[in-house]
Student: 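Handing you this structure, nothing more for now.
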Amino acid sequence: MLSRSLAVLLAVALLLVPSPASAAPEGTLAVRSTSPLTLAYSTPDPHPTNWVGLYRASGGGPVDEEYVSPSLVWAYAPLSEGEVELPAQGLEPGRYLVFFLARDGYAHLAEPVEVRLGADGPVAFPTDGAVLRNARQGDPYEAALGGLVSGGGGTVSFAKVGGDAWIDVSPDGTLSGTPRSAADRIMPEGVSRRDPSRAEVTVEATGADGSAARFTATVPVVRRGEPLVDEVSVLSLNTWHGGTQVDGYHEKQLRFLLESGADVVGLQETQGVHAARLAEALGWYHWQGPGSLGVISRYPIAEEYGTAGAAAGVRVALDGSDTQLNLWTAHLGYTPYGPYDACFDGMSVERILEREAQSGRTGQITQALAAMQDQLAAADETPVLLVGDFNAPSHLDWTEANRERNCGYADVPWPTSVLPAEAGLTDSFRVANPDPVTAPGTTWSPLYPFHDGETGRVEPQDRIDFVLHAGADLTVLDSRALVVGDPAPVPRHRGNEWTTDHAAVLTVYSLG
């Protein structure tokens, strides 16, 4: 099928024909089926080049009747009424918007409709429950659960079936309300007063097919006038092509993120879409870059700094303007790979470092640190984090005590760890786990014990994913490399619960 942009060029003459007035579209658009995705439409102004296009709900569609980005899939809808099927089988699960548009242009012929893909089977949540972002007594609170469900036949409604009186649940799965103080909380009859620092609500989701599932959300509630957040959990996750190498990756990723307790996540290998997909499902905030990088956060993203080579940064408002942090995520070049130069080819340290520069990593980390320079200088006022897949080990791990593990090498000054340290950044994992012999923290690779997965030479196992920090207000409470389950190696990986070929890194900080 022609691309949307090419179709527009071929129909340029038709664009000169006046389109129907866009103020009040008189047509209709409705979802008939999600598998296959089938839409019913009608319009008083049929035309051979009227069309239906699918866009992500998180942005990109012609909501203002103007081009923003290409449609994901599309088809012509030329009749006064009829049905059209969109080839959406390869798209990721999640929420989308469908537009009925006029004459190869962007004037609305009907109001757009929302559709949830990946809706086969009964309604299901990825977990039975989870802890949501913090609330504060006396402050309005809102959180969205609607994106978490799958199944149900495409349309799902939500209702509260129990929990704290102050929490309301809308039909679209939005929680809202204002937590009361312990003294004036109103509890339903028969419900005891629980610890006022944790509120709960049980939500039931019911699908168009009649199936139902329940989810219990826990909301930590801090006292009136207290800081909203006194601990923050920071995760670095290489998603491995967004997770698409593993079956059922969407629900598995949501389950991991909810159960990890992460508050702010620096992502790599998002393919320009997967940060938005995950944030939309979780009801979180996000920044999505056009390539590998993305950030998702329980708390608002107050500013976007954009990219600096292989890194990108945002400012996260944990508590309005009172408590904020700068988060940078990076994905450095992957070849040539230093541990291969050492363990497979026995190169000298001098030659290994030359090839680090040839890989681009040395220049990339230098460029990122230059972009962060002013923030690092002010890190005691606003903490700074640099997370990511550096595709190189740490000088803190290639030590004399670890020589045997590292193929006979020691005291290798890997630039991607030495330069951040010289710029004032601290490796959180080594703060929590100072001995690289007893706590290697391997992140590469749970799926490659051997070079080809199950076969080949023994793969060097190393720590190449990091959570680094600067700022007096950050104190490391814990840091771990995380893998879910016991993943099968490549090529038997498609059924794994774990959706990536890296381990994730999670660091918990206290603030203040």
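Since this is a predicted model, take the numbers as computed values, not measurements.
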Student: Between the side chains of D128 and R255, is the shortest nitrogen-to-carboxylate-oxygen separation below 4.0 Å, so that they form an ion pair?
Tutor: no
Student: For the pair E454 (side chain) and F450 (backbone), establish whether a donor and an acceptor sit closer than 3.5 Å, ignoring hydrogens and angles.
Tutor: no
Student: Is Q358 atom CD crowded by more than 12 heavy atoms from other residues, nucleotides or ligands, each under 6.0 Å away?
Tutor: yes
Student: Quick check for you: to the nearest 0.5 Å, what is the distance between Q253 atom CD and L258 atom CG?
Tutor: 11.5 Å
Student: Hey, could you give me the OH/OG distance between Y509 and S233, rounded to the nearest 0.5 Å?
Tutor: 10.5 Å
Student: Hey, is the main chain of P336 close enough, under 3.5 Å, to the side chain of R355 for a donor-acceptor pair?
Tutor: no
Student: What are the two closest non-hydrogen atoms of H250 and R277, and how far apart are they?
Tutor: ND1-NH1, 2.8 Å
Student: Would R480 and D478 pass as an ion pair if we require N to O under 4.0 Å?
Tutor: yes
Student: Determine whether the side chains of H395 and S417 contain a donor N or O and an acceptor N or O closer than 3.5 Å.
Tutor: yes
Student: Looking at every heavy atom in both L267 and T270, which two are closest together, and how far apart are they?
Tutor: CB-CG2, 3.6 Å
Student: Determine whether Y305 and N326 satisfy the following criterion, side-chain hydrogen bond (donor to acceptor under 3.5 Å, both in side chains), listing intermediate values before the conclusion.
Tutor: CA-CA 9 Å; Y305 302 124; N326 290 311; 2.6 Å; yes
Student: Are L325 and D473 packed together at the side-chain level, in the sense that at least one heavy-atom pair is separated by less than 4.5 angstrom?
Tutor: no
Student: Measuring from W498:CH2 to T500:OG1, what's the distance to the nearest 0.5 Å?
Tutor: 6.5 Å
Student: Could you report the tightest heavy-atom contact between G146 and F158, atom names first, then the distance?
Tutor: CA-CZ, 3.6 Å
Student: Are F344 and H451 close enough that their ring centres sit under 6.0 Å apart?
Tutor: yes
Student: Among V169, L132, T174, D172, find the residue that satisfies the side chain to side chain contact (heavy atoms under 4.5 Å, CB included) test when tested with L145.
Tutor: L132
Student: Could you go through V221 and N134, starting from their C-alpha distance and side-chain angles, then the distance that decides it, and tell me whether this counts as side chain to side chain contact (heavy atoms under 4.5 Å, CB included)?
Tutor: CA-CA 6 Å; V221 181; N134 293 0; over 6 Å; no
Student: Counting C-beta onward and ignoring hydrogens, is there a side-chain heavy-atom pair between R198 and V219 closer than 4.5 Å?
Tutor: no
Student: Ignoring hydrogens and angles, tell me if any N or O in the side chain of E269 forms a donor-acceptor pair with the backbone of N238 under 3.5 Å.
Tutor: no
Student: Strictly distance-based, threshold 3.5 Å: is any side-chain N or O of K160 a donor or acceptor partner for the main-chain N or O of V201?
Tutor: no
Student: Side chains of W284 and S297, heavy atoms from C-beta outward: is any pair under 4.5 Å?
Tutor: no
Student: CG of L318 to OH of Y299: how many Å apart, nearest 0.5 Å?
Tutor: 7.0 Å
Student: I'd like to know if E226 pairs up with R136 as an ion pair, taking the criterion as any Lys NZ or Arg NE/NH1/NH2 lying under 4.0 Å from an Asp or Glu carboxylate oxygen.
Tutor: no
Student: Would you say D427's side chain and F429's backbone share a donor-acceptor pair under 3.5 angstrom?
Tutor: yes
Student: If every non-hydrogen atom of L474 is compared with every non-hydrogen atom of H469, which pair is closest and at what distance?
Tutor: CD1-CB, 3.8 Å
Student: For residues W398 and D462, is any side-chain donor paired with an opposing acceptor at under 3.5 Å?
Tutor: yes
Student: Does a sphere of radius 6.0 Å around CD in Q89 hold more than 12 heavy atoms from other residues, nucleotides or ligands, not counting ones at 6.0 Å or beyond?
Tutor: yes
Student: Strictly distance-based, threshold 3.5 Å: is any side-chain N or O of N402 a donor or acceptor partner for the main-chain N or O of D397?
Tutor: yes
Student: Looking at side-chain heavy atoms only, is the closest gap between M372 and V384 below 4.5 Å?
Tutor: yes
Student: With the side chain counted from C-beta on, respond yes when L72 and Y96 share a heavy-atom pair under 4.5 Å apart, and no when they do not.
Tutor: yes
Student: Going by heavy atoms in the side chains, are L477 and E231 under 4.5 Å from each other?
Tutor: yes
Student: What pair of heavy atoms forms the shortest contact from S445 to Q461, and how long is it?
Tutor: N-OE1, 2.9 Å
Student: Is the closest side-chain donor-acceptor distance between Q375 and T382 under 3.5 Å?
Tutor: no
Student: Under 6.0 Å from the CG atom of D486, do we count more than 12 heavy atoms belonging to anything else shown?
Tutor: no
Student: I'd like to know if the side chain of N406 reaches the main chain of G408, judged simply by a donor and an acceptor atom lying under 3.5 Å from each other, with no hydrogens or angles considered.
Tutor: no
Student: How about D341 and R351: do any of their side-chain heavy atoms sit closer than 4.5 Å?
Tutor: no
Student: Any idea which heavy atoms bring P220 and T218 closest together, and the distance?
Tutor: CD-O, 3.6 Å
Student: To the nearest 0.5 Å, what is the distance between CG (D465) and OG (S236)?
Tutor: 5.5 Å
Student: Would you check, one step at a time, whether the test side chain to side chain contact (heavy atoms under 4.5 Å, CB included) holds for E497 with F256?
Tutor: CA-CA 9 Å; E497 177 68 20; F256 166 66; over 6 Å; no
Student: Taking the ring of W240 and the ring of H274, is the distance between their centroids below 6.0 Å?
Tutor: no
Student: Is a side-chain donor or acceptor of K252 paired with a backbone partner of N496 at a separation under 3.5 angstrom?
Tutor: yes
Student: If we ignore hydrogens and angles and just use 3.5 Å, is the side chain of T442 paired with the main-chain N or O of R463 as donor and acceptor?
Tutor: no
Student: Got a donor-acceptor contact below 3.5 angstrom from the T239 side chain to the Q268 backbone?
Tutor: yes
Student: Would E356 and W414 count as a side chain to side chain contact (heavy atoms under 4.5 Å, CB included) here? Give the steps.
Tutor: CA-CA 8 Å; E356 283 297 294; W414 299 102; 3.7 Å; yes
Student: Would T216 and F125 count as a side chain to side chain contact (heavy atoms under 4.5 Å, CB included) here? Give the steps.
Tutor: CA-CA 10 Å; T216 298; F125 286 97; over 6 Å; no
Student: Any side-chain heavy atom of V234 within less than 4.5 Å of one from D263?
Tutor: no
Student: Rounded to the nearest 0.5 Å, what separation is found between the CD atom of E200 and the CG atom of D164?
Tutor: 7.5 Å
